[in-house]
Q: 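Here you go, one structure.
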Amino acid sequence: MPSTPPAQPGQSFAEIDTPALVLDLDAFERNLVAMAAFSEARGIRLRPHAKTHKSPEIALRQIAHGAVGQCCQKVSEAEILVAGGVGDVLVTNEIASPAKLDRLAILARTARIGLCVDHPDGVRDAAEAAARHDVVLDVMVEIDVGGRRCGVAPGEAAVRVAEAVARSNTLRFAGLQAYHGAAQHMRSIDERSEAIERAGLAARNTAERLAQAGLECPIISGAGTGTYELETQSGIWNELQCGSYIFMDADYARNRQADGSPFRSFEHALFILAGVMSKPVPDRAILDAGHKSAAVDSGMPVPFQREGAIYTKPSDEHGILTGDPIALPHRGDRVLLIPGHCDPTVNLHDWYVCVRGLHGPDAHVEAVWPVAARGAVT
Ligand code: PLP
Ligand code: MN
């Protein structure tokens, strides 16, 4: 059973209980529009990644702004998206379990469903599952474009896998999955450009060999929030899979443009609202948000507009704010924290508390949305 929501629609910002996952609706909507406008102006498909938000509410808003569908990482996420009304879902992952493939094939009765493969055995297993349920699955052949995670080698090896897909009656060859995860958080634009240039060469070379083998490659999909402009400029990719842009976490804010400035396209829209439980000494305020409220794999949460206060040493249910005593809040005060890494932070919470006018005098709760796919990891 999900927990009691920390707020109800109509309540004022001051009435939100802590800790809470707060969505700044105004900034979120500007981020939605900014990415939709970017992709529309350049004629590139946008298939945002639901691993970030785990929410059909957000997915449907992205689709209303022109997205072609959703990506997700897990079959259980796909189930929740389809149940929530999303009609086109690509699992950007390899699946080696027949039970999961069965669940995915069942979803394909009501929605367009795709998955990635990087080995002929994956093709065989997906084809058999689709046949068991009398459906057709879209298949993207994932190539390793430098991320050194999943993915068959670009070139001939990838063509062999695509040919196996094309031979199957129950699979449709949908294109290439060419996502460079390791490039997303490279800090300088030069590093990111070099990585995506190499990835593009690998993707283009593979697409050319597919054409020589008589296989049409309709989609080359990839890109995240850190590099999407580069994939778009290359002219090689025709689908973007960005996820974090809707929330913008503190780690992405550390990426730099050519002039050394932070990249400005998106605003911080996701926060952890933490309460001060105790202030035992002037230079230490204890927050009610620790590891159970904020993922710290990409760095600590950053206090929002509170110069001189530093979040440090989280334990399970406590976080410590230290620094200049003048900058520190008092017992009963509340602090907005920018998550270090948005995706795993979202997965720690049951509810989005959606606030209108967050940073103004009339801040109030407009909606409370479930993090519907929280814990959906199968
Ligand atoms: N596509 C794939 C396959 C991913 O694994 C991810 C994130 O890890 C994304 C897209 C979205 O990336 P981001 O959240 O950095 O925009
Ligand atoms: Mn992430």
Side-chain angles (χ1 to χ4, degrees), residues 28 31-32 34-36 38-39 44-55 58-59 62 67-75 77-78 81 89-95 114-118 139-152 174-187 192 195-196 199 203 219-232 237-255 263 265-270 294-299 301 338-348 373 377:
F28 161 72
N31 291 344
L32 262 185
M35 185 61 95
F38 175 91
S39 57
I44 191 161
R45 290 156 58 96
L46 177 62
R47 182 186 282 282
H49 217 298
K51 70 190 280 268
T52 300
H53 54 70
K54 290 179 161 278
S55 159
I58 292 177
Q62 291 174 317
V68 298
Q70 292 279 294
C71 297
C72 67
Q73 220 67 315
K74 297 297 183 127
V75 172
E77 291 174 332
L81 290 170
V89 180
L90 169 66
V91 180
T92 57
N93 237 340
E94 280 64 16
I95 301 173
L115 77 159
C116 293
V117 299
D118 62 1
V139 173
M140 302 286 281
V141 172
E142 180 167 12
I143 53 175
D144 179 3
V145 290
R148 303 286 177 268
R149 198 168 62 178
C150 297
V152 62
L176 294 175
Q177 169 75 6
Y179 173 72
H180 195 324
Q184 300 308 316
H185 297 266
M186 290 175 176
R187 293 300 176 221
R192 296 195 297 279
I196 298 307
I219 302 290
I220 300 183
S221 195
T225 303
T227 63
Y228 71 97
E229 289 164 298
L230 300 167
E231 279 90 344
T232 304
W237 283 262
N238 57 4
E239 188 176 274
L240 303 176
Q241 302 185 347
C242 310
S244 302
Y245 73 97
I246 44 168
F247 295 153
M248 262 306 287
D249 55 33
D251 195 51
Y252 259 131
R254 290 188 272 268
N255 274 16
F263 80 131
S265 315
F266 306 108
E267 301 171 45
H268 293 301
L270 188 78
V296 299
D297 60 292
S298 304
I338 305 164
H341 190 181
C342 54
D343 320 59
T345 296
V346 165
N347 194 49
L348 296 170
V377 290

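Read the numbers this way: they start at 1 and go in the same order the structure lists the ligands and their atoms.
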Q: Using a 4.0 Å cutoff against the non-hydrogen atoms of C242, which atoms of ligand 1 qualify?
A: 16 (O)
Q: May I ask you to identify the nearest protein heavy atom to atom 14 (O) of ligand 1, giving residue, atom name and distance to one decimal place in Å?
A: S244 OG, 2.6 Å
Q: Please tell me if the side chains of S39 and I44 come closer than 4.5 Å, counting only heavy atoms from C-beta onward.
A: yes
Q: Taking the non-hydrogen atoms of G181, is any one of them nearer than 4.0 angstrom to ligand 1?
A: no
Q: Could you identify the single nearest non-hydrogen protein atom to atom 7 (C) of ligand 1 and state the distance to 0.1 Å?
A: K51 NZ, 2.8 Å
Q: Under 4.0 Å from any heavy atom of G224, which atoms of ligand 1 are there?
A: 12 (O), 16 (O)
Q: What atom name does the N, O or S atom of H341 nearest to the Mn ion (ligand 2) carry?
A: NE2
Q: Which atom names give the shortest non-hydrogen contact between C342 and L270, and what distance separates them?
A: CB-CD2, 4.1 Å
Q: Nearest N/O/S atom of D343 with respect to the Mn ion (ligand 2), by atom name, please.
A: OD1
Q: Which of the numbered atoms in ligand 1 are below 4.0 angstrom from a heavy atom of Q177?
A: 3 (C)
Q: So is there a nitrogen or oxygen of Q73 less than 3.5 Å from a nitrogen or oxygen in ligand 1?
A: yes
Q: Give the residue and atom name of whichever protein heavy atom lies nearest to atom 12 (O) of ligand 1, and the separation in Å to one decimal.
A: Y179 OH, 3.5 Å
Q: When you measure from atom 15 (O) of ligand 1 to every protein heavy atom, which one gives the shortest distance, and what is it?
A: Y252 OH, 2.5 Å
Q: Have a look at Q177 and tell me which of E239, Q241, E94 forms a side chain to side chain donor-acceptor pair (under 3.5 Å) with it.
A: Q241
Q: Any donor-acceptor pair under 3.5 Å linking the side chain of E142 with the backbone of D118?
A: no
Q: Tell me, do L176 and I219 make a side-chain contact under 4.5 Å, heavy atoms counted?
A: no
Q: Are any of the N/O atoms in A223 less than 3.5 Å from those in ligand 1?
A: no
Q: What protein heavy atom is closest to atom 16 (O) of ligand 1, reported as residue, atom name and distance in Å?
A: T225 OG1, 2.6 Å
Q: So is there a nitrogen or oxygen of R149 less than 3.5 Å from a nitrogen or oxygen in ligand 1?
A: yes
Q: Got a donor-acceptor contact below 3.5 angstrom from the Q62 side chain to the L32 backbone?
A: no
Q: Testing the 3.5 Å rule here: is there a donor-acceptor pair between the side chains of T92 and H49?
A: yes
Q: Measure the distance from atom 1 (N) of ligand 1 to every protein heavy atom, then report the residue, atom name and distance (to 0.1 Å) of the closest one.
A: Q241 OE1, 2.9 Å
Q: I need the D297 CG to T345 OG1 distance, nearest 0.5 Å.
A: 7.5 Å
Q: Between H185 and Y252, how do the two ring planes meet: parallel, tilted or perpendicular, split at 30° and 60°?
A: parallel
Q: Is it the case that the ring center of Y228 lies less than 6.0 angstrom away from the ring center of Y245?
A: no
Q: Using a strict 4.0 Å cut-off to heavy atoms of T92, name the atoms of ligand 1 that fall inside it.
A: 3 (C)
